[in-house]
Amino acid sequence: MIVPITIENLDDCIVVFLKSYNQPPWNYNWTYEKAKQYLSEYLDCKQFIGFALNDQNQTVGAIFGHKKTWWTNQQLMIDEFFISPEKQRMGYGKKLLEFCDQYAIEKQIGSIVLMTNKYMPSYNFYDKTGY
C-alpha cells in the first residue's frame, strides 16, 4: 500500500532511510537526529510531495519530492528515493516509481525529474525503469 508521507509516518521513513544509506554502496553515517532534520525539511516545504510504501503495515520505502514550476509545465522533482535493503530487487522500487508516474498524470504534472550519480548501482535501476 502506498500512502502520503505525513508527520505521523515520518519516523518510519527515517528508519528505512538509515537502513538504506548507512550501508553499502553508500556507507553514509547518518544519525537519527540528522536524518530527521534532513527529511523534515522536505516535509516542511510548501510544495512537498511524498509517498511511503508499506508492506504488511511496515514502511519499506519512500519518495520525498516537491512540485516545481517550469516554463513548459509543472514538474515533480524526486529529491530522495529509498527502499529498505531487504526489499530491494523485489519490485518495490519499480512499484513506487510507477505510482509517481500515475500521480503525475492525475495531477497534470508534465514531467518527473530524478538525478543520480551514474557511477552508483542505483543508476542501473533507474535506467532500466526508464528514468
Side-chain angles (χ1 to χ4, degrees):
M1 179 160 80
I2 298 174
V3 298
I5 294 174
T6 65
I7 195 70
E8 285 78 26
N9 62 2
L10 180 63
D11 283 342
D12 296 332
C13 294
I14 294 167
V15 169
V16 177
F17 179 86
L18 293 171
K19 282 199 294 189
S20 299
Y21 285 118
N22 284 351
Q23 64 180 14
W26 310 108
N27 296 313
Y28 296 154
N29 291 304
W30 284 99
T31 64
Y32 178 86
E33 293 76 23
K34 284 289 184 182
K36 183 172 185 175
Q37 181 181 359
Y38 176 68
L39 294 176
S40 293
E41 289 170 3
Y42 288 119
L43 194 64
D44 291 341
C45 174
K46 181 178 175 184
Q47 298 292 341
F48 174 74
I49 297 171
F51 305 106
L53 174 63
N54 296 325
D55 183 26
Q56 299 178 358
N57 295 322
Q58 181 178 3
T59 300
V60 297
I63 284 183
F64 283 70
H66 67 282
K67 189 169 68 168
K68 180 177 178 179
T69 300
W70 191 240
W71 71 276
T72 55
N73 55 37
Q74 294 290 309
Q75 297 177 326
L76 171 54
M77 307 292 291
I78 296 177
D79 300 303
E80 285 294 339
F81 173 58
F82 48 91
I83 301 294
S84 188
E86 68 272 7
K87 297 295 184 176
Q88 292 176 6
R89 295 174 183 76
M90 298 175 68
Y92 289 93
K94 183 178 178 184
K95 183 176 182 175
L96 200 47
L97 288 176
E98 288 171 349
F99 183 87
C100 284
D101 289 340
Q102 189 60 40
Y103 176 87
I105 290 168
E106 290 173 7
K107 300 296 183 183
Q108 299 180 337
I109 297 172
S111 59
I112 299 174
V113 178
L114 180 147
M115 292 189 284
T116 193
N117 184 327
K118 74 177 190 174
Y119 299 106
M120 293 306 258
S122 56
Y123 178 84
N124 294 329
F125 166 74
Y126 294 129
D127 189 46
K128 191 168 68 173
T129 58
Y131 279 76

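Everything numeric in this text was worked out from a predicted model, so none of it was measured. Computation of the quantities below employed the complete heavy-atom set of this structure, encompassing side-chain atoms and omitting hydrogens, waters and symmetry-equivalent molecules.
When atom types are taken as modelled, the side chain of Asn9 and the backbone of Pro4 share a donor-acceptor pair closer than 3.5 angstrom. Side-chain N or O atoms of Gln88 include one that pairs as donor or acceptor with a backbone N or O of Ile83 at under 3.5 Å. A donor-acceptor pair is defined here as one N or O able to donate and one able to accept, closer than 3.5 Å; no such pair exists between the side chain of Ser84 and the backbone of Lys87.
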Mind running side-chain contact (heavy atoms from CB on, under 4.5 Å) on Trp70 and Ser111 for me, showing each step along the way? CA-CA 10 Å; Trp70 191 240; Ser111 59; over 6 Å; no
Test side-chain contact (heavy atoms from CB on, under 4.5 Å) applied to Val15 and Thr59, step by step: CA-CA 9 Å; Val15 169; Thr59 300; over 6 Å; no
What verdict does the side-chain contact (heavy atoms from CB on, under 4.5 Å) test give for Tyr103 and Ile49, after you've listed the backbone C-alpha separation in whole Å, the side-chain angles of each residue and the deciding distance to 0.1 Å? CA-CA 10 Å; Tyr103 176 87; Ile49 297 171; 3.8 Å; yes
For Ile112 and Leu97, run side-chain contact (heavy atoms from CB on, under 4.5 Å): C-alpha distance rounded to whole Å, both residues' side-chain angles, the deciding distance at 0.1 Å, then the answer. CA-CA 10 Å; Ile112 299 174; Leu97 288 176; over 6 Å; no
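By the 4.5 Å heavy-atom criterion applied to side chains, Lys34 and Tyr28 are not counted as neighbours. Ile14 has its side chain out of reach of Trp30: every pair of non-hydrogen atoms, C-beta onward, lies at least 4.5 Å apart.
Under the 4.5 Å side-chain heavy-atom criterion for grouping Ile, Leu, Val, Met, Phe, Trp and Tyr, Met90 is connected to Ile2 within one hydrophobic cluster. Linking ILVMFWY side-chain heavy atoms closer than 4.5 Å, directly or via other members, places Met77 and Ile105 in two distinct hydrophobic clusters. Cluster annotation: Phe64 is connected to Ile7 through the hydrophobic network of ILVMFWY side chains, with a link wherever side-chain heavy atoms come within less than 4.5 Å. Under the 4.5 Å side-chain contact rule for hydrophobic residues, Phe81 and Val3 do not share a cluster.
Distance NZ/Lys67 to CD/Gln47: 5.0 Å, rounded to 0.5 Å. In this structure, the separation between CD on Glu80 and SG on Cys13 is 11.5 Å, given to the nearest 0.5 Å. Here the straight-line distance linking atom NZ of Lys68 with atom CG of Leu76 works out to 12.0 Å at 0.5 Å rounding. Atoms CD1 and NE2, on Ile78 and His66 in that order, are 11.0 Å from each other to the nearest 0.5 Å. With rounding to the nearest 0.5 angstrom, the OG1 atom of Thr6 is 9.0 Å from the CZ atom of Phe48. For the atom pair CG of Asn29 and CG of Asn22, the computed distance is 6.0 Å after rounding to the nearest 0.5 Å.
For Lys19, the NZ atom sits in a packed shell: over 12 heavy atoms of surrounding residues, nucleotides or ligands are nearer than 6.0 Å. The environment of CG in Asp44 is crowded: more than 12 heavy-atom neighbours from other residues, nucleotides or ligands sit within 6.0 Å. Counting non-hydrogen atoms of neighbouring residues, nucleotides and ligands closer than 6.0 angstrom, the CD atom of Glu86 exceeds 12 such neighbours.
Nearest heavy atom pair, residue Leu18 against residue Ala35, reads CD2-CB, 3.9 Å. What you find for Cys100 and Ile63 is that their closest heavy atoms are SG-CD1, 3.4 Å. Ser40 approaches Leu10 most closely through the heavy-atom pair OG-CD2, 3.3 Å. The two residues Ala62 and Ile5 make their nearest non-hydrogen contact at CB-CD1, 4.0 Å. The shortest non-hydrogen separation linking Val60 to Tyr92 is CG2-CD2, 3.9 Å.
Using cut-offs of 30° and 60° for the angle between ring planes, the Tyr42 and Tyr38 rings count as perpendicular.
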